[in-house]
Amino acid sequence: MSVVLNFKSHLSELFAQALREVAPDVAQTEVLIERPKIAAHGDYACNLAMQLAKPLRKSPRDIAQALIAALPASDAVAKVEIAGAGFINVFITTAAKQGVVCGVLQAGAGYGHVHIGAGRKVQVEFVSANPTGPLHVGHGRGAAVGDCLCNVLHAAGWNVTREFYYNDAGVQIDNLTLSVQLRCKGVTPDDPSWPEAGYRGDYIADVARSYMAKETVEADDQHTTGKGDVNDAEAIRHFAVAYLRREQDLDLRAFQVEFDVFSLESALYSDGKVEETVKQLIASGHTYEQDGALWLRTTAFGDDKDRVMRKTDGGYTYFVPDVAYHLDKWRRGFTRVINEQGADHHSTITRVRAGLQALDAGIPRGWPDYVLHQMVTVLKNGEEVKISKRAGSYVTLRDLIDEVGCDATRYFLAARHPDSQLVFDIDLAKSKSNDNPVYYIQYAHARISAVLAQWDGERQALLNADVSLLNSEYETALLQQLIDYPQVIETAATELAPHLIAFYLKDLAADFHSYYNASRFLVDDEATKLARLSLICAVAQVMRNGLALLGVNAPDKM
RNA sequence: GCGCCCGUAGCUCAGCUGGAUAGAGUACUUGGCUACGAACCAAGGGGUCGGGCGUUCGAAUCGCUCCGGGCGCACCA
């Protein structure tokens with residue numbers, strides 16, 4: 001008997017065959033296999049008969065009857081029945097389900113990986129904060145969601161590149177330079193002369209102090225030393241950017257997020273890529289001069305108004321290097337790019353895509369993809385927290401990591417649908433109790449580790465356990481969870497919804513805790529003991545795999 | 001005013017490309033450690049899925065509309 005590890009696709013194939021025989025005319029109909037919510041409705045259900053009722057002008061139940069008669073035999077299928085309006089419910093044999101234990105133990109860390117990506121390249125750009133201050137909670141959400149998404153895509157068979165884009169040029173950096181310079185001169189933000197757009201956080205003073213003390217900072221393998229000259233704006237700019245990039249790098253390291261590539265906006269200028277993009281846009285005929293500025297006719301590509309490319313002062317708006325940057329991504333061979341960013345930047349989507357279309361470079365209309373996360377509100381003692389000492393006007397990612405730890409921060413920031421606003425409750429994330437889902441999941445893993453540690457056998461023996469002994473309701477539920485895991489990864493990857501992993505793990509942990517309370521593992525009967533241990537060993541493996549996708553530790557003790 | 005996102009139990013949220021009786025956690029009420037870790041488990045109450053109309057055999061899910069909340073509408077990023 002061959003081991004079936006993906007029942008959904010297996011059944012889908014069986015029904016497709018039956019369909020070709022029963023109704024060749026509509027054999028193109030997509031076969032959907034779903035998991036019913038109620039156990040009495042079987043393990044899998046197919047609604048094909050109901051879909052075909054109209055085109056075939058027959059009753060769903062008659063069609064279901066015919067489909068069942070034509071269904072090829074399979075070792076994995078125990079029973080097929082018609083229910084309700086014409087659902088076809090399929091029951092999987094327990095033997096086939098029990099096979100998953102061996103499957104998990106053999107595949108190990110690779111269990112759950114699927115191949116929908118087929119090794120294709122995908123670039124995920126996330127965080128991409130301006131080097132003008134420490135990372136804030138919003139960047140944290142971007143980091144958690146983006147990193148988890150990358151892990152999920154990798155597990156789904158994609159060849160992933162993580163990229164961070166630094167906007168180290170432009171007006172924001174001018175403001176940063178000015179702010180640091182003023183601090184060097186001893187001017188503080190409460191002084192009346194402090195500019196409206198200036199940065200007010202305490203960290204600006206740190207940068208100024210470090211620059212004046214001629215310290216050396218290291219960022220991206222480059223060493224930058226403060227010149228100590230209050231009047232050299234260029235030196236201050238250079239130093240401030242390096243200083244803050246290092247600071248952000250340290251924030252990311254503390255959050256255990258790593259990038260493959262860092263791209264700099266300034267490099268797009270020095271490499272001539274911005275100029276080249278402008279020339280190409282002009283050549284494509286979608287630009288015009290008006291009021292002393294150069295405009296791009298983005299309205300021709302779905303934007304609600306045209307955009308300025310070159311300002312009257314001769315500088316380019318951020319939009320031009322953005323287009324140049326994305327053209328560069330395309331030329332690097334990324335036919336798929338996903339930009340993860342805060343929803344407050346959503347207006348750039350239309351603009352960047354319009355700019356790329358205007359280039360006539362053969363880039364598809366909907367390229368690149370976007371995942372936008374909504375805003376984060378931080379709550380403490382039931383009240384919203386809006387400021388931090390260091391940054392002044394916002395809560396930093398570092399504040400959260402220091403207060404609740406890396407694991408809990410990552411979990412909470414990744415465990416929500418990106419589309420919904422997030423309330424980060426510091427008290428909840430900190431609580432080492434049953435109301436904290438992170439500990440709930442980690443505790444399940446630690447419990448399994450503790451049981452296995454007390455068992456004096458060889459792990460290898462678990463591979464030969466008689467899994468046919470696993471047939472209690474608790475065991476059946478866990479087997480089904482293990483079977484579902486690859487499907488969860490597939491859905492999370494196609495929907496770009498990493499939060500599904502977090503919910504899955506909570507469900508898996510819940511089923512395990514129930515099992516734990518209802519049964520003993522280290523029993524006298526050797527066969528029973530091995531069977532149960534092999535199951536919980538497989539559960540622990542899947543927990544490790546899933547937690548790794550979230551970037552959360554799976555501790556053996558806590 | 002225009003665009004994007006959201007509205008599901010008191011609170012925080014799931015609900016996969018429409019499916020059968022809408023689910024968790026938390027809070028509240030009860031019960032379970034001389035048993036592998038009680039950071040756990042079991043049981044109970046709690047809902048016009050924001051309102052309305054439509055499409056469909058079938059809608060929390062799709063479409064339209066209204067109400068409410070967030071974000072964005074720069075020659076800032």
Side-chain angles (χ1 to χ4, degrees), chain A residues 30 32 34-38 40-41 45 47 50-51 53-54 60 83-87 89 128-130 132 167 169-175 197 265 291-295 304-305 307-319 321-322 342-350 372-375 377 379 415-423 425 428 431-440 442-444 446-455 487-488 490-492 494-495 497 499-500 502-503 506-507 509-510 512-523 532-533 536 557-558:
Chain A
E30 198 188 351
L32 287 180
E34 53 200 10
R35 293 278 329 277
K37 290 174 197 148
I38 299 163
H41 294 153
N47 63 357
M50 276 139 54
Q51 287 184 295
K54 207 164 198 178
F87 287 100
N89 293 337
S128 294
N130 296 345
T132 55
N167 291 102
V171 176
Q172 310 278 20
I173 300 299
D174 294 341
N175 287 334
E265 181 185 7
D291 305 328
L294 180 67
W295 296 70
D304 53 355
K305 52 181 134 177
R307 303 292 164 180
V308 169
M309 291 169 56
R310 192 171 52 224
K311 301 181 276 185
T312 44
D313 69 3
Y316 293 112
T317 57
Y318 75 93
F319 153 75
D322 259 12
D344 52 340
H345 288 76
H346 83 260
S347 60
T348 61
I349 298 178
T350 318
L372 300 181
H373 62 261
Q374 297 290 323
M375 304 292 99
T377 308
L379 223 57
R416 292 276 177 274
H417 194 296
D419 275 346
S420 55
Q421 289 170 36
L422 174 71
V423 176
D425 187 334
L428 175 63
S431 75
K432 300 201 175 201
S433 73
N434 50 358
D435 32 341
N436 192 329
V438 189
Y439 290 99
Y440 184 79
Q442 291 183 321
Y443 182 48
R447 269 183 148 179
I448 295 173
S449 298
V451 172
L452 290 173
Q454 281 168 57
W455 172 57
Q487 190 63 47
V488 172
E490 185 173 329
T491 307
T494 47
E495 305 283 319
H499 72 285
L500 295 177
F503 280 92
K506 218 165 94 175
D507 288 345
F512 168 73
H513 284 309
S514 294
Y515 183 37
Y516 185 96
N517 275 274
S519 16
R520 281 187 63 76
F521 309 115
L522 300 173
V523 292
R532 292 179 180 172
L533 290 177
I536 64 170
K557 285 180 183 167
M558 38 195 300

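Reminder, nothing fancy here: chain letters follow the sequence lines and each chain counts from 1. None of these values were measured; they are calculated from a predicted model.
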(message) Can you work out whether A:Leu452 or A:Arg416 has the more 5'-proximal nearest nucleotide on RNA chain B?
(response) A:Arg416

(message) Please compare A:Thr491 and A:Ala510 by the position of their nearest nucleotide in RNA chain B and report the one closer to 5'.
(response) A:Thr491

Can you find an N or O donor on one side and an acceptor on the other, under 3.5 Å apart, linking the side chain of [X] with the base of [N]?
X        : N     : answer
A:Tyr318 : B:A77 : yes
A:Asn89  : B:A20 : yes
A:Gln172 : B:C76 : yes
A:His345 : B:G72 : no
A:Asn47  : B:G19 : yes

Closest to side chain of [X], choosing from [options]:
X        : options             : answer
A:Met375 : B:G37, B:C71, B:A77 : B:C71
A:Asn167 : B:A77, B:C75, B:G19 : B:A77
A:Leu522 : B:A14, B:C75, B:C36 : B:C36
A:Gln421 : B:C13, B:G70, B:A77 : B:G70
A:Ser347 : B:G72, B:C75, B:A14 : B:G72

(message) So A:Leu522 and A:Leu533, do their side chains get closer than 4.5 Å, heavy atoms only?
(response)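 Heavy-atom side-chain distance check passes, below 4.5 Å.
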
(message) Do A:Arg447 and A:Tyr516 make a side-chain contact, defined as non-hydrogen atoms from C-beta onward lying under 4.5 Å apart?
(response) yes

(request) Taking only the side-chain nitrogens and oxygens of A:His499, find out if one of them lies under 4.0 Å from OP1 or OP2 of B:G15. (result)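 So the side chain of A:His499 is within the cut-off, an N or O lying under 4.0 Å from OP1 or OP2 of B:G15.
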
(message) Measuring to OP1 and OP2 of B:A42, would you say a side-chain N or O of A:Ser514 lies under 4.0 angstrom away?
(response)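 The answer is yes; a side-chain N or O of A:Ser514 sits under 4.0 Å from OP1 or OP2.
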
In the strands shown, is [N] matched to any nucleotide by a Watson-Crick or G-U wobble pair with both distances under 3.5 Å, and which?
N     : value
B:A60 : none
B:G72 : B:C2
B:A27 : none

(message) Keeping A:Thr312 on the side-chain end and A:Gly292 on the backbone end, is there a donor-acceptor pair under 3.5 Å?
(response)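 No; judged by distance alone, with no hydrogens or angles, the pair does not exist.
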
(message) Could you tell me how far apart A:Tyr516 (OH) and B:C40 (C1') are, to the nearest whole angstrom?
(response) 8 Å

(request) Specify the separation, in whole Å, of atom CG of A:Asp425 and atom P of B:U12. (result)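 The distance from CG of A:Asp425 to P of B:U12 comes to 10 Å, rounded to the nearest Å.
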
(request) Give the ring-plane orientation class for A:Phe521 versus A:Phe512, where under 30° counts as parallel, over 60° as perpendicular and anything between as tilted. (result)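 Taking A:Phe512 first and then A:Phe521, their aromatic rings lie parallel (interplane angle under 30°).
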
(message) Using a 5.5 Å cut-off between ring centres and planes within 30 degrees, is A:His417 stacked on the base of B:A14?
(response) no

(request) Measure from the ring centre of A:Phe87 to the centre of the six-membered ring in the base of B:A20, then say whether that distance is under 5.5 Å and the planes meet at under 30°. (result) yes

Assign [X] to base, sugar-phosphate, or nothing according to its heavy-atom contacts below 4.0 angstrom with the strands shown.
X        : result
A:Leu500 : sugar-phosphate
A:His513 : sugar-phosphate
A:Met309 : nothing

(message) I need the minimum non-hydrogen distance between A:Asn175 and A:Ala197, along with the two atoms involved.
(response)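 Closest approach of A:Asn175 to A:Ala197: ND2-CB, 3.7 Å.
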
